[in-house]
Amino acid sequence: MRYLSPLRYPGAKSGLVNCIRDLIIGNVKKPKLFIEPFAGGAATTLRLLADGVVPRAVIADADPLVATFWKVAATRTEWLIDRMASEPVTLDRWDYWRSYRTESADDPELAVKCLFLNRTTFSGILHGRAGPIGGRKQESAYSLDCRFNKEALSERIRFVGDLFRTGRLVAVWHSEWRATFKLFAEQFPEYGPDDVLVYLDPPYVNKADRLYSTAFASFDHVQLAAHLNHFLPYRWILSYDDHADIRLLYQNGRVQPRNAKAPHWRIQRRFVQLRYSASGRNGRGRKSELIITTLPRFPDQEIFRSVSDECH
Ligand SMILES: C[S@@+](CC[C@H](N)C(=O)[O-])C[C@H]1O[C@@H](n2cnc3c(N)ncnc32)[C@H](O)[C@@H]1O
């Protein structure tokens with residue numbers, strides 16, 4: 001399967017998946033476990049698991065819709081597939097799901113809401129003011145259901161269930177990134193600093209409020225940087241939209257997690273050119289993406305140049 005995720009994600013950088021994969025393969029030691037704390041469509045985790053680049057993974061997201069989707073896809077796979085198959089893809093249902101609210105955080109219908117809105121809303125945006133694909137009059141060349149191929153989606157959802165059943169997707173959490181790291185340390189104490197690799201794809205610096213339900217303010221970006229620069233005891237790869245403030249937060253140089261067990265790791269930054277799927281009013285655009293990492297073998301310029309070209 002070329003695309004593995006059942007969710008389209010606003011700003012999903014599918015081109016980056018190959019960069020991340022090559023970056024990991026280019027490093028000698030294969031991580032035993034991969035964590036994606038800002039999972040969204042989890043495209044990177046699914047690809048790395050599918051290709052056997054990492055053997056096990058944990059995904060988490062602060063958005064209850066997204067987290068419920070992954071939990072239900074993992075644990076109630078056939079229920080979700082049947083439920084999706086019986087769901088008419090119409091404007092009436094779009095309005096229904098847009099206004100659907102529930103008291104129960106475990107309501108599996110939230111997974112259907114997430115999938116439905118994600119596949120039928122402009123740019124896959126789940127929240128805010130984004131409208132249905134094709135508009136309210138459905139007069140455009142794109143119809144509401146043009147991204148709702150139930151057969152293909154069933155296959156992708158089944159793949160998620162299969163990963164969970166076979167112990168490759170080991171946990172799905174509804175948690176904010178700080179809680180994810182805390183939970184991980186509590187539940188997986190056997191994993192040491194060199195066993196784990198964390199991939200972080202946090203909300204955009206400029207557009208987070210329009211794309212995601214969870215507000216991610218400047219302060220959050222600063223706190224995340226402080227945590228990565230000084231505390232996280234695992235190696236990490238971070239992708240960001242290229243922004244001057246972010247460059248300031250992550251300087252090339254030494255990083256020193258304040259954890260007695262962790263060695264000193266050096267931070268490295270590289271730029272990748274990518275096409276964005278949700279670049280707002282200006283339509284599709286080519287933008288520079290920043291990759292920052294503590295992986296040791298990143299500076300191989302030749303490897304990176306060819307990786308970078310692939311991503312254009
Ligand atoms: C850029 S998207 C990730 C896209 C993902 N890499 C993909 O390929 O689909 C950022 C995600 O972070 C989540 N998020 C926002 N604030 C968060 C927080 N404080 N902790 C954890 N997740 C958060 C959003 O719900 C969103 O799913």
Side-chain angles (χ1 to χ4, degrees), residues 2-21 34-50 57-71 73 110-111 113-115 117-119 121 123-128 130 147 156 160 171-184 198-228 232 236-243 246 272 274-280 287 289-291 311:
R2 186 161 173 230
Y3 296 106
L4 297 170
S5 177
L7 299 183
R8 319 163 51 217
Y9 228 76
K13 304 149 191 117
S14 45
L16 264 196
V17 175
N18 290 339
C19 298
I20 306 290
R21 190 188 53 206
F34 187 75
I35 311 177
E36 197 174 352
F38 297 91
T44 308
T45 296
L46 297 182
R47 174 51 64 198
L48 296 180
L49 287 174
V58 170
I59 58 173
D61 199 286
D63 184 332
L65 277 188
V66 175
T68 306
F69 171 79
W70 288 114
K71 281 185 196 178
L110 288 176
K113 172 174 178 172
C114 179
L115 183 65
L117 290 180
N118 177 262
R119 307 291 323 180
T121 305
S123 278
I125 298 170
L126 294 171
H127 306 276
R147 299 201 188 279
R156 295 183 206 176
V160 176
V172 179
W173 293 326
H174 171 210
S175 53
E176 207 264 337
W177 64 269
R178 295 170 190 82
T180 298
F181 290 138
K182 198 161 173 278
L183 264 175
F184 183 78
V198 181
Y199 170 56
L200 308 107
D201 185 24
Y204 292 163
V205 176
N206 290 327
K207 284 188 241 159
D209 52 339
R210 276 197 280 135
L211 296 177
Y212 313 113
S213 73
T214 317
F216 207 85
S218 306
F219 183 62
D220 295 299
H221 292 288
V222 173
Q223 285 215 323
L224 180 64
H227 193 81
L228 296 185
L232 190 69
W236 47 264
I237 302 172
L238 173 69
S239 57
Y240 252 114
D241 46 331
D242 182 21
H243 195 282
I246 301 302
V272 182
L274 286 182
R275 277 183 201 287
Y276 272 62
S277 57
S279 52
K287 295 236 181 105
E289 190 75 23
L290 191 53
I291 294 188
C311 298

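When a ligand or atom number is given, it counts from 1 through the structure's own listing order.
Any N or O atom pair closer than 3.5 Å counts here, and E176 shares at least one such pair with ligand 1. Between D201 and ligand 1, an N or O atom pair is found at a separation short of 3.5 Å. The shortest N or O to N or O distance between D61 and ligand 1 is under 3.5 Å. Close N/O approach between Y199 and ligand 1 is not found [any backbone or side-chain N/O within under 3.5 Å].
Interatomic distance, E176 CD to L183 CG, rounded to the nearest 0.5 Å: 11.5 Å. Separating the CG atom in D201 from the CG atom in L238 is a distance of 8.0 Å, to the nearest 0.5 Å.
Contact between A39 and ligand 1 is present, with at least one heavy atom of the residue lying under 4.0 Å from the ligand. Under a 4.0 angstrom heavy-atom cut-off, A60 registers as lying outside contact with ligand 1.
Every atom of ligand 1 is numbered from 1 in the order shown, and the set under 4.0 Å from a heavy atom of P202 is 1 (C). Ligand-side atoms of ligand 1 in range of D63: 25 (O), range being under 4.0 angstrom from any heavy atom. Of all atoms in ligand 1, numbered sequentially from 1 with element shown, those under 4.0 Å from a heavy atom of A42 are 7 (C), 9 (O). Listed by number with element, the atoms of ligand 1 under 4.0 angstrom from any heavy atom of E36 are 6 (N).
In terms of the side-chain contact (heavy atoms from CB on, under 4.5 Å) criterion, residue partners of S5 (sequence neighbours excluded) are, by chain and number, L7, L46, W70. By the ring pair (Phe, Tyr, Trp, His ring centres under 6.0 Å) test, F184 pairs with F188, Y234, sequence neighbours left out.
I291 places a side-chain heavy atom less than 4.5 Å from the side chain of I237. F38 places a side-chain heavy atom less than 4.5 Å from the side chain of L224.
For P37, every heavy-atom contact with ligand 1 shorter than 4.0 Å involves the backbone, none the side chain.
The aromatic rings of F34 and Y199 sit parallel, their planes meeting at an angle under 30°, below the 60° perpendicular limit.
Of the candidates G41, G40, A43, P203, P203 brings a heavy atom nearest to atom 15 (C) of ligand 1.
Checked by atom type and distance alone, the side chain of E36 never pairs as donor or acceptor with a backbone atom of A60 at under 3.5 Å.
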